[in-house]
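Reading through the structure tokens given below for one structure.
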Amino acid sequence: MAHAAAATGTPLQHHPALPLYTSSRRCASPSPRHRRRTATTLTVRAMAQTSAAVHPGLKEGIAGLYDESSGAWESIWGDHMHHGFYDAGEAASMSDHRRAQIRMIEEALAFAAVPDDAEKKPKKVVDVGCGIGGSSRYLAKKYGAQCNGITLSPVQAERGNALAAEQGLSDKVSFQVADALEQPFSDGRFDLVWSMESGEHMPDKWKFVSELARVAAPGARIIIVTWCHRDLDPSEESLKPDELNLLKRICDAYYLPDWCSPSDYVKIAKSLSLEDIKTADWSENVAPFWPAVIKSAVTWKGLTSLLRSGWKTIRGAMVMPLMIQGYKKGLIKFTIITCRKPETV
Ligand code: SAH
């Protein structure tokens, strides 16, 4: 999850590369299908590359944020640094939150129809944007799988490995500092590719998804749970100015680059020939989460942990009410996107 971030709204719709799509479509190419795919790929790619180029210092900022804030988060909320999943309209009590965070993992696995049986269950998992490794340890225990996690934060990687050792999981899970956009893994290595609330930090959404697809084995499932902005209406060319302003304030505090919409992710997945693409809007299911985080932050323990952590963490905490506002306005969409790499490429 981004405990701090920044977005400008509608990168795919707004991007200067948009005319590329139009002109590419006009070019002669061997088949209409190929032409369509090439044009879409070029467009999404060009947009993403521009986006990456305009975020100097982003990686360092993200690493610094999580180096600073992960200890405080763990001491209050434990090792899962993501939203909980609640029944829509449920009034959640503090003691429900860990259960809700585990439920988020289980709901994501169920939505992607990840098999449980001994033969087909995941055996090699990559946890992209792993935090302190809560998901990896959970998946290693659930499936007996080998899990490799990557994060930009050295503090997180070290803590993830220490917790794995404490739980006797060192032979199953390991964490390292690496960039999701240039993963240190060979092609086709993992049968479950997992990204729980890290996509919102990626400045190049096309490269992000294409790296997830590259390291996926043929037939592997890819699960992305992430923050999106709402889809645009057909009559709209961009989000409204007040919406852009709200996202910008969140992004400034949370080291987030441009956001995109759920349908932008679908476009990207299609452009990469991924199969069984499914999305769901779980915004209602995460509604109790931020109010609960705010409540825990204003306890004595919360306040002292925040103050000890430093400015980035405090700034992130100050922006939490804007997340609630974004969900209430229907602007922020908590989204799951799942797909599969084709068996034959
Ligand atoms: N998935 C974890 C943590 C979510 S917090 C959990 O559910 O507990 C977001 C994580 O994304 C952080 O660990 C951060 O370091 C990581 N991240 C953000 N951008 C990244 C990038 N480019 N490469 C690798 N990890 C990244």
Side-chain angles (χ1 to χ4, degrees), residues 1-7 48 51-52 55-74 76-85 97-98 100-109 125-140 147-161 163-164 173 175-185 192-212 215 223-227 251 254-259 286 289 293 312-313 316 323 334 336:
M1 126 175 13
H3 298 133
S51 171
H55 292 105
L58 177 67
K59 279 190 349 185
E60 294 73 12
I62 294 169
L65 170 68
Y66 287 107
D67 278 353
E68 197 187 88
S69 64
S70 295
W73 183 269
E74 186 188 352
I76 302 168
W77 276 75
D79 62 344
H80 293 286
M81 304 180 76
H82 59 250
H83 286 68
F85 187 105
H97 296 305
R98 182 164 173 94
Q101 287 177 311
I102 300 290
R103 182 168 170 201
M104 174 63 73
I105 297 177
E106 286 294 343
E107 293 282 345
L109 295 170
V125 179
V126 64
D127 183 357
V128 177
C130 61
I132 58 172
S135 293
S136 283
R137 284 184 300 276
Y138 185 81
L139 297 170
C147 300
N148 288 87
I150 55 174
T151 168
L152 291 178
S153 155
V155 170
Q156 286 189 329
E158 198 182 321
R159 182 66 186 145
N161 286 324
L163 286 170
V173 303
F175 304 102
Q176 66 189 101
V177 174
D179 188 350
L181 304 186
E182 286 172 56
Q183 293 188 36
F185 306 119
L192 177 61
V193 175
W194 178 263
S195 166
M196 175 59 73
E197 294 193 47
S198 64
E200 55 271 22
H201 281 300
M202 306 299 164
D204 182 335
K205 306 296 188 214
W206 186 89
K207 179 77 175 146
F208 169 52
V209 183
S210 76
E211 273 294 272
L212 300 182
V215 299
I223 300 179
I224 302 168
V225 177
T226 190
W227 307 2
C251 291
Y254 282 152
Y255 298 89
L256 299 186
D258 295 339
W259 297 30
V286 299
F289 180 75
V293 177
K312 285 184 166 129
T313 315
M323 289 298 296
F334 190 89
I336 178 163

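Heads up: numbering here begins at 1 and tracks the sequence. Whatever order the structure lists ligands and atoms in, that order sets their numbers, starting from 1.
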Which atoms of ligand 1 are found less than 4.0 Å from any heavy atom of H80? 8 (O)
Looking at D67, I132, N161, which one forms a side chain to side chain contact (heavy atoms under 4.5 Å, CB included) with Q156? I132
Ligand 1-proximal atoms of C130, by part, heavy-atom distance under 4.0 Å: backbone
May I ask you to list the atoms of ligand 1 that are less than 4.0 angstrom from any heavy atom of E197? 4 (C), 5 (S), 9 (C)
If you measure from CD1 on I336 to CE on M104, what distance do you get to the nearest 0.5 Å? 8.0 Å
Specify the closest pair of heavy atoms between I150 and A180, including all atoms of both residues, with the distance to one decimal. CD1-CA, 3.9 Å
Is it the case that atom CD in E158 sees more than 12 heavy atoms from other parts of the structure closer than 6.0 Å? no
Just say parallel, tilted or perpendicular for the rings of F334 and H83, cut-offs at 30° and 60°. tilted
Can a donor-acceptor pair be found between the side chains of W259 and E200 at a distance below 3.5 Å? no
Does ligand 1 have a heavy atom under 4.0 Å from the side chain of M196, from its backbone, from both, or from neither? both
With heavy-atom distances below 4.0 Å as the criterion, list the atoms of ligand 1 near D179. 21 (C), 22 (N), 23 (N)
Taking distance alone, with no angle check, do T151 and ligand 1 share an N/O pair under 3.5 Å? yes
Donor-acceptor contact present, side-chain H80 to main-chain I102, <3.5 Å: no
Answer yes when R98 and D79 have at least one side-chain N-carboxylate O distance shorter than 4.0 Å, and no when they do not. yes
Using non-hydrogen atoms of the residue, decide whether L152 is closer than 4.0 angstrom to ligand 1. yes
Give yes or no for whether the N/O distance cutoff of 3.5 Å, strictly under, is met between I62 and ligand 1. no
Should one rank A63, G129, G133, G199 by closest heavy-atom distance to atom 16 (C) of ligand 1, which comes out on top? G129
Short N or O distance, D127 and ligand 1, threshold 3.5 Å exclusive: no
Sort out for me which residue in V126, I223, I224, D127 forms a side chain to side chain contact (heavy atoms under 4.5 Å, CB included) with V193. V126
Using a 4.0 Å heavy-atom cut-off, which part of Q156 comes near ligand 1: side chain, backbone, both, or neither? side chain
Can you tell which part of A178 has a heavy atom less than 4.0 Å from ligand 1: side chain, backbone, both or neither? backbone
With heavy-atom distances below 4.0 Å as the criterion, list the atoms of ligand 1 near A180. 21 (C), 22 (N), 23 (N), 24 (C)
